[in-house]
There are 2 protein chains.
Amino acid sequence: MTKATPHRRSRRQLPTADELRIWRDFIETAEALRSRLASRLQVESSLSPSDYAVLLALSEAQDRQLRSSELAAHIGWERSRLSHHLGRMERRGLIRRQECATDPRGAEVHLTPSGAEAFRGSTVPHLRAIREFFVDALTPEQLRAAGEIAAALRVHLDARDKE
Amino acid sequence: MTKATPHRRSRRQLPTADELRIWRDFIETAEALRSRLASRLQVESSLSPSDYAVLLALSEAQDRQLRSSELAAHIGWERSRLSHHLGRMERRGLIRRQECATDPRGAEVHLTPSGAEAFRGSTVPHLRAIREFFVDALTPEQLRAAGEIAAALRVHLDARDKE
DNA sequence: GCCTGCTAATTGACATGTCAATCAGGAGTG
DNA sequence: CACTCCTGATTGACATGTCAATTAGCAGGC
């Protein structure tokens with residue numbers, strides 16, 4: 001698409017060395033954060049961030065249960081990813097799947113008592129790790145800027161989805 | 001949380017709802033960016049970002065070869081991850097491993113002509129995607145702030161490594 | 001020469017993720 | 001009802017990553 005020219009840099013050019021360096025710092029740091037948080041949580045609660053996201057959504061849900069597709073939409077996962085992950089979580093006794101009453105094709109995902117317990121136990125360590133690794137590293141202005149940057153990137157990505 | 005806080009927030013407290021929202025936006029957006037870039041590159045060049053990182057390091061190396069451990073240090077990977085990845089890349093003909101002349105334990109990783117070719121072909125699409133998904137989404141001030149945020153997070157993480 | 005311990009790298013088992021294919025049950029149309 | 005298409009969800013094959021164990025060779029002390 002030939003777009004009206006931006007007032008800023010030309011959109012056709014490749015990134016400068018500076019821009020590239022920032023990109024690498026940004027993406028590698030985010031990756032390092034993710035991996036650090038994951039290994040911390042693994043030790044402190046035997047849950048991965050993915051487990052946590054699933055359990056969080058279920059905990060907040062009406063009756064502690066959700067249709068599989070609602071759950072997927074809520075946490076923004078592809079269906080097959082969720083299916084595989086639920087299979088693993090079910091084997092570990094964190095959740096249970098049962099046939100949906102209203103639609104025989106569907107599955108209801110239920111939080112088990114053991115899953116609820118694991119979730120409770122991991123909440124504080126999880127939040128503490130986020131503060132420690134992320135919030136404490138930034139000044140209040142940087143934190144605000146981080147939120148704005150994430151929002152801008154998200155909007156831009158979503159916009160490009162539809163084109 | 002009603003807190004008459006000093007200049008900085010107390011380090012013991014859990015994150016506020018705002019802080020938590022920013023964290024989630026940040027980490028999920030970074031993840032979305034990574035995945036978007038990966039699938040774009042897969043289509044345009046049949047290389048993953050990991051492949052690209054390995055090929056980039058080798059391309060810049062003296063004689064287009066590196067000791068396996070130097071390569072790992074250069075791109076910041078664990079050894080076993082690199083070993084597995086090199087195995088896959090070797091099967092695809094992108095690199096070649098051969099015994100190191102000076103230390104029989106070591107391996108030299110060489111860029112093959114086919115690997116060099118794949119790398120050349122993927123450079124422009126790669127850079128273009130970075131501009132499109134990342135640089136173009138941000139104002140110059142946001143871009144600068146992103147660099148500073150990444151640096152601050154990195155420093156903080158590294159500092160916590162040593163404690 | 002023989003231990004002991006260190007370093008380089010690989011391996012195996014397993015967790016996680018993607019993609020394409022599949023299965024089963026609606027739902028609309030003739 | 002028969003046909004076709006859509007939707008909900010799972011599955012299998014395979015790519016990727018982590019962790020712990022293993023293989024192999026170097027190096028120092030005795």
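No hydrogens, no waters, no symmetry mates; every other heavy atom, side chains included, goes into these values. These figures come from a predicted structure and were not determined experimentally.
Remark: aromatic rings of A/His156 and B/Phe133 are distant, center separation not under 6.0 Å.
Within residues 63-73 of chain A, the residues that place at least one heavy atom under 4.0 Å from DNA chain D are, in residue-number order, A/Arg67, A/Ser68, A/Ser69.
Summarising the geometry of A/Ala53 relative to A/Ile75, their closest heavy-atom pair is O-CG2, 3.8 Å, with the distance given to 0.1 Å. Nearest heavy-atom pair, B/Leu86 versus B/Ser68, reported as atom, atom and distance to 0.1 Å: CD1-OG, 4.2 Å. Here the shortest heavy-atom pairing between B/Ser50 and B/Arg81 reads OG-NH2, 3.7 Å.
At a cut-off of 3.5 Å, with distance as the only test, no side-chain donor of A/Arg144 or A/Gln142 sits close to an acceptor on the other residue.
Between A/Trp23 and B/Leu33, some side-chain heavy-atom pair lies under the 4.5 Å cut-off.
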Got a list of protein N/O to nucleotides 15-19 of chain D N/O distances below 3.5 Å?
| residue | atom | partner | partner atom | Å |
| --- | --- | --- | --- | --- |
| D/dT16 | OP2 | B/Arg88 | NE | 3.1 |
| D/dG17 | OP1 | B/Ser50 | OG | 3.4 |
| D/dG17 | OP1 | B/Arg81 | NH2 | 2.8 |
| D/dG17 | OP2 | B/Arg81 | NE | 3.4 |
| D/dT18 | O4 | B/His84 | NE2 | 3.2 |
| D/dC19 | OP2 | B/Glu78 | OE2 | 3.4 |
| D/dC19 | N4 | B/Ser80 | OG | 2.8 |

Give every pair of a protein N or O atom and an N or O atom of nucleotides 24-27 of chain C that lie under 3.5 Å apart, one pair per line with the distance.
| residue | atom | partner | partner atom | Å |
| --- | --- | --- | --- | --- |
| C/dG25 | N2 | A/Arg105 | NH1 | 3.0 |

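Of the charged side-chain nitrogens involved, none lies within less than 4.0 Å of a carboxylate oxygen, so that B/Glu108 and B/Arg96 do not count as a salt-bridged pair. Ion pair B/Arg88/B/Asp51 not flagged as a salt bridge, since none of the NZ, NE, NH1 or NH2 atoms sits closer than 4.0 Å to an Asp/Glu carboxylate oxygen. Salt-bridge annotation for A/Arg128 and A/Glu132: absent, with no side-chain N of the basic residue lying under 4.0 Å from a carboxylate O of the acidic one.
The side chain of B/Arg97 contributes an N or O atom lying less than 4.0 Å from OP1 or OP2 of C/dT10.
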